[in-house]
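See below for the structure under consideration.
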Amino acid sequence: MGRLQRTLSNVTEESGTDNGCIGIVAGSVDYPNQPALVGRAALRTGSDHVRTVVTEEIYEIVASHEPNLLASKYEGERFDAVAVERVVEVGEWADAMVIGPGFADAEPDAIREAIDRIDVPVVVDAIAIEPALEADLSKAVLTPNESEEDVISESYESLEAFTRETGAVLTFTGGVDEIIAGGERTENDTGTSALTVAGTGDTLAGITASLLGQGMDRENAAELGAWILGKSGELATAEHGPGVLATDVIDRIPDTTR
């Protein structure tokens, strides 16, 4: 892991004052806080600018949640074909994107179209994973948990086969996090049982997207992202005990990466 930490340091030094812009397509009326969690994690990992793109129904919540975030909105209560156009615009500004955290009732075709039309690396999470299986995943990092893994396994012989056939990179979260790329698995050795708390998946998506936006390749970003989440979780748990929150983990990211 020291190799990847040095890679992060080199990326930061080479990029000077530009540490990347991240776009986040996430949230719904039922899950209005997820975009802010993802965005805060990306900012704490070093991104310069983070913009959320959310339904107008939750725009005010997200825009007031975290003053360091930029916020945009699309019309309606759900992510649909109209919203895709706004996402593509943000994708032209961003160095990396996140799609999926907190989505509810999003149109599968709209998710697939957005992923196909985004030209920068994209982290695909949560409900966006299933429709993404029919999209171009050659620029994608998917972050399925144990329940979301079944969707992939039903369509492919194995997770290794999935990464070989699609070019995707996977961060498979569970009791032991695994990074799968090109048919090969790598285990992450950081983390605690407290990281099952709600919001840590959103945190991982934000961390990984930030690393991608800073210029790291997908496999390294996935591997280092899982390590940062786990180590930040260890620090937060040591301070707060079993009542640790996702926001506690996010606030320890700078201690992990410095």
Side-chain angles (χ1 to χ4, degrees), residues 1-12 19-20 22 24 26 33-50 52 65-69 96 98 100-102 121 123 125-126 141-146 169-179 186-258:
M1 189 52 61
R3 168 182 58 84
L4 292 177
Q5 290 175 294
R6 289 190 294 274
T7 299
L8 177 60
S9 298
N10 291 337
V11 167
T12 303
N19 286 329
I22 306 301
I24 298 167
N33 298 311
Q34 272 53 48
L37 287 173
V38 178
R40 188 171 176 180
L43 287 168
R44 286 297 191 187
T45 308
S47 296
D48 286 334
H49 305 285
V50 178
T52 61
H65 201 300
E66 169 57 69
N68 298 294
L69 288 176
V98 178
V123 178
D125 184 48
V141 176
L142 280 67
T143 55
N145 58 28
E146 291 178 342
V169 172
L170 287 179
T171 303
F172 178 37
T173 59
V176 176
D177 296 337
E178 295 180 302
I179 293 78
T186 302
E187 290 189 355
N188 171 58
D189 60 0
T190 63
T192 76
S193 59
L195 288 176
T196 56
V197 67
T200 53
D202 309 312
T203 303
L204 175 63
I207 294 170
T208 305
S210 179
L211 297 174
L212 291 170
Q214 293 177 58
M216 192 169 286
D217 68 51
R218 289 181 298 142
E219 185 173 355
N220 284 343
E223 189 174 348
L224 183 56
W227 186 88
I228 290 173
L229 174 68
K231 182 58 68 174
S232 300
E234 291 174 5
L235 294 175
T237 302
E239 180 178 358
H240 298 283
V244 67
L245 304 175
T247 47
D248 299 325
V249 177
I250 291 169
D251 288 342
R252 299 312 296 265
I253 292 173
D255 296 322
T256 298
T257 57
R258 72 163 53 108

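Residue Glu178 holds its CD atom at 10.0 Å from CG of Leu170, rounded to the nearest 0.5 Å. Remark: Arg258 CZ to Ile253 CD1 distance equals 12.0 Å, nearest 0.5 Å. Rounding to the nearest 0.5 Å places NE2 of His240 at 10.5 Å from CG of Leu235. Note that CD of Glu234 and CG of Leu229 are 10.0 Å apart. Values are rounded to the nearest 0.5 Å. Separating the OG atom in Ser232 from the CG atom in Asp251 is a distance of 10.0 Å, to the nearest 0.5 Å. For the atom pair CZ (Arg44) and CD1 (Ile250), the distance works out to 9.0 Å, reported to the nearest 0.5 Å.
Here the closest heavy-atom approach between residue Gly39 and residue Val50 is recorded as CA-CG1, 3.7 Å. Listed here is the closest heavy atom pair of Gly100 and Ala126: O-CB, 3.7 Å. When all heavy atoms of Thr45 and Gln214 are compared, the pair lying nearest together is O-NE2, 3.2 Å. Summarising the geometry of Asn19 relative to Asp48, their closest heavy-atom pair is N-OD2, 2.5 Å, with the distance given to 0.1 Å. Contact detail for Thr200 and Leu195: the closest heavy-atom pair is OG1-O, 2.7 Å. Considering all non-hydrogen atoms of both residues, Ala41 and Ile207 come closest at CB-N, 4.2 Å.
Arg218 is listed as a side-chain neighbour of Leu212, based on a closest heavy-atom distance under 4.5 Å. Residues Met216 and Leu224 have side chains in contact (heavy-atom distance under 4.5 Å, counting atoms from C-beta outward). Proximity of Asp202 to Asp125: side-chain heavy atoms (C-beta onward) are separated by under 4.5 Å at one or more points. Counting only heavy atoms from C-beta outward, the side chains of Gln34 and Leu37 approach each other to under 4.5 Å. Counting only heavy atoms from C-beta outward, the side chains of Thr171 and Asn188 never approach each other to under 4.5 Å. Side-chain contact between Trp227 and Asp177 is absent, with no heavy atoms from C-beta onward closer than 4.5 Å.
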